[in-house]
Amino acid sequence: MKRRLVLLGAPGSGKGTQAEMITRQFGIPVTSPGAILRREKDLGTPLGLETAEITQRGDLVPDKIIIGLIEDWLRLHGGHGFVFDGFPRTLPQAESLRSILARLHASLDLAIWLEVSQETVRARISGRLQCRSCGFTTSVTSAKFAERPVCPYCDGPLVRRNDDDISVLQTRLREFATKTQPLADFYGKMSILHRVDGNRDREAVFSDISRLIEGKVPA
Ligand code: ADP
């Protein structure tokens with residue numbers, strides 16, 4: 001199914017998990033600047049090294065770098081629609097995306113906003129484990145993995161993200177509130193914004209998102 005959508009939400013809102021489920025169910029290609037930057041850092045590339053300190057602090061990476069990544073991605077894979085997980089996160093990023101798409105005579109179908117409470121964010125971030133190899137996300141309380149912190153999909157090591165610490169989380173939440181929150185207005189005005197209650201389990205959230213993607217809910 002060819003759809004162009006962006007998934008927005010605070011750290012711990014479940015963007016990554018939902019993006020993965022969307023790709024699996026609908027075959028829409030996904031990309032996440034956060035995941036790209038983590039991989040670049042693990043690989044020790046110039047981009048990874050340049051941005052490691054910023055992501056480690058919980059600040060947002062400069063727009064120019066992120067927009068460049070998205071432009072490259074769109075050039076290579078953009079023909080079949082997309083799910084952007086964690087992009088755009090600032091007004092200049094949203095404006096750039098709009099003009100890139102306009103040049104391609106395309107537009108966004110959906111901006112999905114995952115709403116989560118402070119308690120949900122704290123609980124998820126403090127218990128989050130992520131596969132260093134493939135990025136699969138789970139939690140320490142997930143009994144199945146607790147004794148053997150190995151990814152069920154690729155056998156990679158399940159580790160805590162180094163920005164999932166409580167003081168870095170404060171910075172990430174502040175960045176979200178000041179820089180990303182204004183995008184609700186931006187996409188609200190374009191009439192493509194849909195708010196989804198992200199405090200529920202992943203299947204309940206995904207069922208709402210699926211309905212939006214299938215176009216059962218009018219914009
Ligand atoms: P989360 O949403 O939990 O913060 P992400 O994996 O989406 O996790 O992002 C991790 C980090 O990568 C962010 O804190 C930020 O430093 C950087 N990053 C990701 N996406 C963007 C973006 N669109 N603009 C600027 N920085 C970004």
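Order of listing sets the numbers, starting from 1, for every ligand and every atom in it.
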Taking only heavy atoms of D59 into account, list the atoms of ligand 1 that are under 4.0 Å away from them.
15 (C), 16 (O)

Are the side chains of L5 and I213 in contact, using a 4.5 Å heavy-atom criterion?
yes

Step by step, work out the side-chain hydrogen bond (donor to acceptor under 3.5 Å, both in side chains) result for Q170 and R174.
CA-CA 6 Å; Q170 298 301 340; R174 202 175 51 237; over 6 Å; no

Using a strict cut-off of 4.0 Å, indicate which atoms of ligand 1 neighbour a heavy atom of T55.
12 (O), 16 (O), 17 (C)

Classify the contact between I66 and ligand 1 as side chain, backbone, both or neither, using a heavy-atom distance cut-off of under 4.0 Å.
side chain

For atom 26 (N) of ligand 1, which protein heavy atom lies nearest, and how many Å away is it?
V61 N, 3.1 Å

How close does the nearest protein non-hydrogen atom get to atom 2 (O) of ligand 1, and which residue and atom is it?
K15 NZ, 2.6 Å

Measure the distance from atom 10 (C) of ligand 1 to every protein heavy atom, then report the residue, atom name and distance (to 0.1 Å) of the closest one.
R161 NH2, 3.6 Å

Under 3.5 Å, is there a donor-acceptor pair linking the side chains of S117 and T120?
yes

Could you name each residue pair satisfying side-chain hydrogen bond (donor to acceptor under 3.5 Å, both in side chains) that touches residues 2-13, not counting sequence neighbours?
none

Of all the atoms in ligand 1, which lie at a distance below 4.0 Å from a heavy atom belonging to L60?
25 (C), 26 (N)

I want to confirm something. Looking only at heavy atoms, which of E53, R172, Q93 is nearest to atom 3 (O) of ligand 1?
R172

Yes or no: does R57 have any heavy atom under 4.0 Å from an atom of ligand 1?
no

Presence of salt bridge, K41 and E50, under 4.0 angstrom
no

Tell me which one of R89, R124, Q130, K179 gets a heavy atom nearest to atom 9 (O) of ligand 1.
R89

After noting the C-alpha distance and the side-chain angles of Q56 and N162, does the key distance pass the side-chain hydrogen bond (donor to acceptor under 3.5 Å, both in side chains) rule?
CA-CA 7 Å; Q56 167 71 68; N162 67 2; 3.0 Å; yes

Quick check: W113 with Y187 (ring centres under 6.0 Å apart)?
no

Atoms of ligand 1 less than 4.0 Å from G86 heavy atoms?
20 (N), 21 (C), 22 (C), 23 (N)

Hey, is E175 touching ligand 1 through its side chain, its backbone, both or neither, going by heavy atoms under 4.0 Å?
neither

Subset of ligand 1 atoms that lie under 4.0 Å from at least one heavy atom of R128:
3 (O)

List the residues meeting side-chain hydrogen bond (donor to acceptor under 3.5 Å, both in side chains) with R75, not counting sequence neighbours, and say none if there are none.
D72

Lys/Arg-Asp/Glu bridge criterion (N-O < 4.0 Å) met for R172, D59:
no

Which ligand 1 atoms are under 4.0 Å away from a heavy-atom of R38?
6 (O), 10 (C)

